[in-house]
Amino acid sequence: MEFKHLEEVLLRYGKELEQKYKWKVPTASHDLQNTAKFYIEHNGNRYEVGLNLQDYWYYSENGRRAGKFPPINKIEEWIRIKPLIPRERNGYLPTEKQLAFLIARKIAEEGTEGKHTFKNVVEELNNEMLMSIKNAILEDLGDEIERYIITLGNKI
(Lines give C-alpha, C1' and ligand atoms only; values in the text may rest on other atoms or scores of the structure.)
Protein backbone atom coordinates (compact mmCIF):
# COMPACT_ATOMS: atom_id res chain seq x y z
CA MET A 1 0.00 0.00 0.00
CA GLU A 2 1.22 3.49 -0.82
CA PHE A 3 1.06 6.29 1.74
CA LYS A 4 1.69 9.20 -0.61
CA HIS A 5 -0.49 11.68 1.29
CA LEU A 6 0.92 10.64 4.66
CA GLU A 7 4.49 11.04 3.39
CA GLU A 8 3.66 14.58 2.16
CA VAL A 9 2.26 15.52 5.58
CA LEU A 10 5.26 13.99 7.40
CA LEU A 11 7.63 15.90 5.10
CA ARG A 12 5.84 19.14 5.99
CA TYR A 13 5.88 18.15 9.67
CA GLY A 14 9.63 17.46 9.55
CA LYS A 15 10.35 20.81 7.91
CA GLU A 16 8.22 22.66 10.48
CA LEU A 17 9.85 20.74 13.34
CA GLU A 18 13.31 21.74 12.13
CA GLN A 19 12.32 25.35 11.48
CA LYS A 20 10.54 25.93 14.81
CA TYR A 21 13.28 24.22 16.80
CA LYS A 22 15.96 26.33 15.14
CA TRP A 23 13.97 29.47 15.86
CA LYS A 24 13.30 28.69 19.53
CA VAL A 25 16.42 26.90 20.79
CA PRO A 26 18.59 29.07 23.05
CA THR A 27 22.24 28.74 22.17
CA ALA A 28 25.40 30.81 22.27
CA SER A 29 27.25 29.29 19.33
CA HIS A 30 24.23 28.63 17.10
CA ASP A 31 25.53 25.07 16.58
CA LEU A 32 22.19 23.56 17.52
CA GLN A 33 20.41 25.89 15.11
CA ASN A 34 22.86 25.51 12.24
CA THR A 35 23.18 21.74 12.39
CA ALA A 36 19.60 20.68 13.19
CA LYS A 37 18.25 18.62 10.28
CA PHE A 38 15.01 16.69 10.19
CA TYR A 39 14.77 13.13 8.92
CA ILE A 40 11.99 10.74 8.03
CA GLU A 41 12.56 7.01 8.31
CA HIS A 42 10.19 4.48 6.81
CA ASN A 43 10.63 0.90 7.92
CA GLY A 44 7.83 -1.42 6.89
CA ASN A 45 4.62 -0.01 8.37
CA ARG A 46 6.47 2.37 10.69
CA TYR A 47 7.28 6.02 10.02
CA GLU A 48 9.54 8.11 12.23
CA VAL A 49 10.13 11.86 12.07
CA GLY A 50 12.96 13.34 14.10
CA LEU A 51 15.83 15.80 14.27
CA ASN A 52 19.53 15.09 14.02
CA LEU A 53 21.17 17.34 16.62
CA GLN A 54 24.55 17.97 18.21
CA ASP A 55 25.39 15.63 21.09
CA TYR A 56 25.01 18.33 23.73
CA TRP A 57 21.36 18.96 22.81
CA TYR A 58 20.43 16.57 25.62
CA TYR A 59 21.90 18.86 28.28
CA SER A 60 20.27 21.94 26.75
CA GLU A 61 16.95 20.09 26.69
CA ASN A 62 17.01 18.29 30.04
CA GLY A 63 19.60 20.10 32.10
CA ARG A 64 22.33 18.41 34.06
CA ARG A 65 22.23 16.85 37.49
CA ALA A 66 24.62 18.00 40.15
CA GLY A 67 27.50 15.75 41.10
CA LYS A 68 29.83 15.58 38.13
CA PHE A 69 32.03 18.19 36.44
CA PRO A 70 31.03 19.01 32.86
CA PRO A 71 33.82 19.15 30.24
CA ILE A 72 35.81 22.30 31.06
CA ASN A 73 37.05 22.66 27.46
CA LYS A 74 33.42 22.98 26.28
CA ILE A 75 32.79 25.70 28.87
CA GLU A 76 35.92 27.53 27.69
CA GLU A 77 34.53 27.38 24.14
CA TRP A 78 31.22 28.73 25.39
CA ILE A 79 32.99 31.61 27.18
CA ARG A 80 34.78 32.57 23.94
CA ILE A 81 31.62 32.34 21.83
CA LYS A 82 29.26 34.11 24.24
CA PRO A 83 31.55 36.27 24.91
CA LEU A 84 31.58 36.20 28.67
CA ILE A 85 33.59 38.93 30.37
CA PRO A 86 34.59 38.12 33.95
CA ARG A 87 34.30 40.67 36.74
CA GLU A 88 37.22 41.71 38.84
CA ARG A 89 36.97 40.48 42.41
CA ASN A 90 39.26 41.62 45.21
CA GLY A 91 41.55 43.18 42.60
CA TYR A 92 41.88 39.89 40.74
CA LEU A 93 40.56 39.10 37.23
CA PRO A 94 40.23 35.34 36.55
CA THR A 95 41.66 33.91 33.34
CA GLU A 96 39.40 32.13 30.86
CA LYS A 97 40.56 28.76 32.19
CA GLN A 98 39.90 29.79 35.81
CA LEU A 99 36.50 31.17 34.90
CA ALA A 100 35.63 27.93 33.10
CA PHE A 101 36.65 25.97 36.20
CA LEU A 102 34.46 28.16 38.44
CA ILE A 103 31.47 27.71 36.13
CA ALA A 104 32.07 23.94 35.89
CA ARG A 105 32.32 23.68 39.69
CA LYS A 106 29.02 25.52 40.11
CA ILE A 107 27.36 23.20 37.58
CA ALA A 108 28.86 20.17 39.38
CA GLU A 109 27.50 21.45 42.70
CA GLU A 110 24.07 22.70 41.60
CA GLY A 111 23.37 21.22 38.16
CA THR A 112 21.51 23.13 35.47
CA GLU A 113 17.88 23.41 34.48
CA GLY A 114 16.73 22.16 31.07
CA LYS A 115 15.02 24.40 28.52
CA HIS A 116 12.71 21.66 27.10
CA THR A 117 12.70 23.37 23.70
CA PHE A 118 12.43 20.16 21.66
CA LYS A 119 9.62 18.79 23.83
CA ASN A 120 7.67 22.06 23.62
CA VAL A 121 8.05 22.32 19.84
CA VAL A 122 6.95 18.70 19.36
CA GLU A 123 3.90 19.22 21.60
CA GLU A 124 2.99 22.43 19.76
CA LEU A 125 3.31 20.77 16.35
CA ASN A 126 1.52 17.58 17.40
CA ASN A 127 -1.60 19.57 18.17
CA GLU A 128 -1.47 21.08 14.68
CA MET A 129 -0.43 17.96 12.75
CA LEU A 130 -2.49 15.11 14.23
CA MET A 131 -5.58 16.01 12.23
CA SER A 132 -3.50 16.41 9.05
CA ILE A 133 -1.94 12.98 9.59
CA LYS A 134 -5.34 11.39 10.21
CA ASN A 135 -6.79 12.96 7.05
CA ALA A 136 -3.76 11.92 4.98
CA ILE A 137 -4.11 8.29 6.11
CA LEU A 138 -7.83 8.37 5.27
CA GLU A 139 -7.01 9.73 1.80
CA ASP A 140 -4.40 7.03 1.28
CA LEU A 141 -6.89 4.35 2.36
CA GLY A 142 -9.50 5.82 0.01
CA ASP A 143 -7.00 5.72 -2.86
CA GLU A 144 -6.15 2.10 -2.06
CA ILE A 145 -9.82 1.12 -1.99
CA GLU A 146 -10.33 2.85 -5.37
CA ARG A 147 -7.36 0.95 -6.85
CA TYR A 148 -8.77 -2.30 -5.47
CA ILE A 149 -12.23 -1.62 -6.91
CA ILE A 150 -10.77 -0.72 -10.31
CA THR A 151 -8.62 -3.87 -10.28
CA LEU A 152 -11.63 -5.94 -9.25
CA GLY A 153 -13.76 -4.32 -11.98
CA ASN A 154 -11.16 -5.13 -14.63
CA LYS A 155 -11.23 -8.81 -13.60
CA ILE A 156 -15.01 -9.11 -13.96
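What you see is a predicted model, and the numbers here were worked out from it, not measured in a lab.
Between A108 and P70, the closest heavy-atom pair is N-CD, 4.4 Å. Taking every heavy atom of both residues into account, Q54 and L32 meet most closely at CB-CD2, 3.9 Å. Smallest separation of non-hydrogen atoms from Y21 and A36: CD2-CB, 4.2 Å.
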### Task
Go through the steps to decide whether Y59 and T112 satisfy the test side chain to side chain contact (heavy atoms under 4.5 Å, CB included), and finish with yes or no.
CA-CA 8 Å; Y59 299 107; T112 61; 5.8 Å; no

### Query
Passes salt bridge (Lys or Arg N to Asp or Glu O under 4.0 Å), K119 versus E123? Steps please.
CA-CA 6 Å; K119 177 183 175 232; E123 286 176 357; 3.8 Å; yes

### Query
Checking salt bridge (Lys or Arg N to Asp or Glu O under 4.0 Å) for the pair K24/E124: CA distance, chi angles, key distance, verdict?
CA-CA 12 Å; K24 291 183 177 192; E124 180 184 322; 2.6 Å; yes

### Task
Begin with the C-alpha distance, continue with both residues' side-chain angles, and end with the deciding distance and a verdict on salt bridge (Lys or Arg N to Asp or Glu O under 4.0 Å) for E77 and R80.
CA-CA 5 Å; E77 248 178 69; R80 283 189 294 276; 5.3 Å; no

### Message
Checking Y47 against L6 for the side chain to side chain contact (heavy atoms under 4.5 Å, CB included) test, could you report, in this order, the C-alpha distance in whole Å, the side-chain angles of both residues, the deciding distance, and whether it holds?
### Response
CA-CA 10 Å; Y47 285 87; L6 175 61; 3.8 Å; yes

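Side chain to side chain, Q98 and Y92 meet the donor-acceptor criterion of an N or O pair below 3.5 Å. H5 and D143 form a side-chain donor-acceptor contact under 3.5 Å, judged by distance and modelled atom types alone.
Distance alone, capped at 3.5 Å, places no donor-acceptor pair between the E88 side chain and the L93 backbone. One N or O on the side chain of H42 and one on the backbone of G44 form a donor-acceptor pair closer than 3.5 Å. E61 contributes a side-chain N or O that, together with a main-chain N or O of F118, makes up a donor-acceptor pair within less than 3.5 Å.
Counting heavy atoms of neighbouring residues, nucleotides and ligands inside a 6.0 Å radius, atom OH of Y39 exceeds 12 of them. For K22, the NZ atom sits in a packed shell: over 12 heavy atoms of surrounding residues, nucleotides or ligands are nearer than 6.0 Å. Within a 6.0 Å radius of CZ in F38, other residues, nucleotides and ligands contribute more than 12 heavy atoms.
Between I107 atom CD1 and I72 atom CD1 the span is 10.0 Å, to the nearest 0.5 Å. Of the inter-residue distances, the one linking R12 atom CZ with L125 atom CG reads 10.5 Å to the nearest 0.5 angstrom. Between the CG atom of L17 and the CE atom of M129 there is a distance of 10.0 Å, given to the nearest 0.5 Å.
Follow the hydrophobic side-chain contacts under 4.5 Å out from L53 and you reach I40 in the same cluster. Hydrophobic clustering (ILVMFWY, side-chain heavy atoms < 4.5 Å, transitive): M1 and I137 are in one cluster.
With salt bridges taken as basic N to acidic carboxylate O contacts below 4.0 Å, one links R46 and E48. Between E18 and K15 there is no salt bridge, since none of the side-chain N atoms of the basic residue sits less than 4.0 Å from a carboxylate O of the acidic one.
For F69 and F101, the ring centers sit closer than 6.0 Å to each other.
Of the candidates T95, I79, L99, P86 forms a side chain to side chain contact (heavy atoms under 4.5 Å, CB included) with just one, namely L99.
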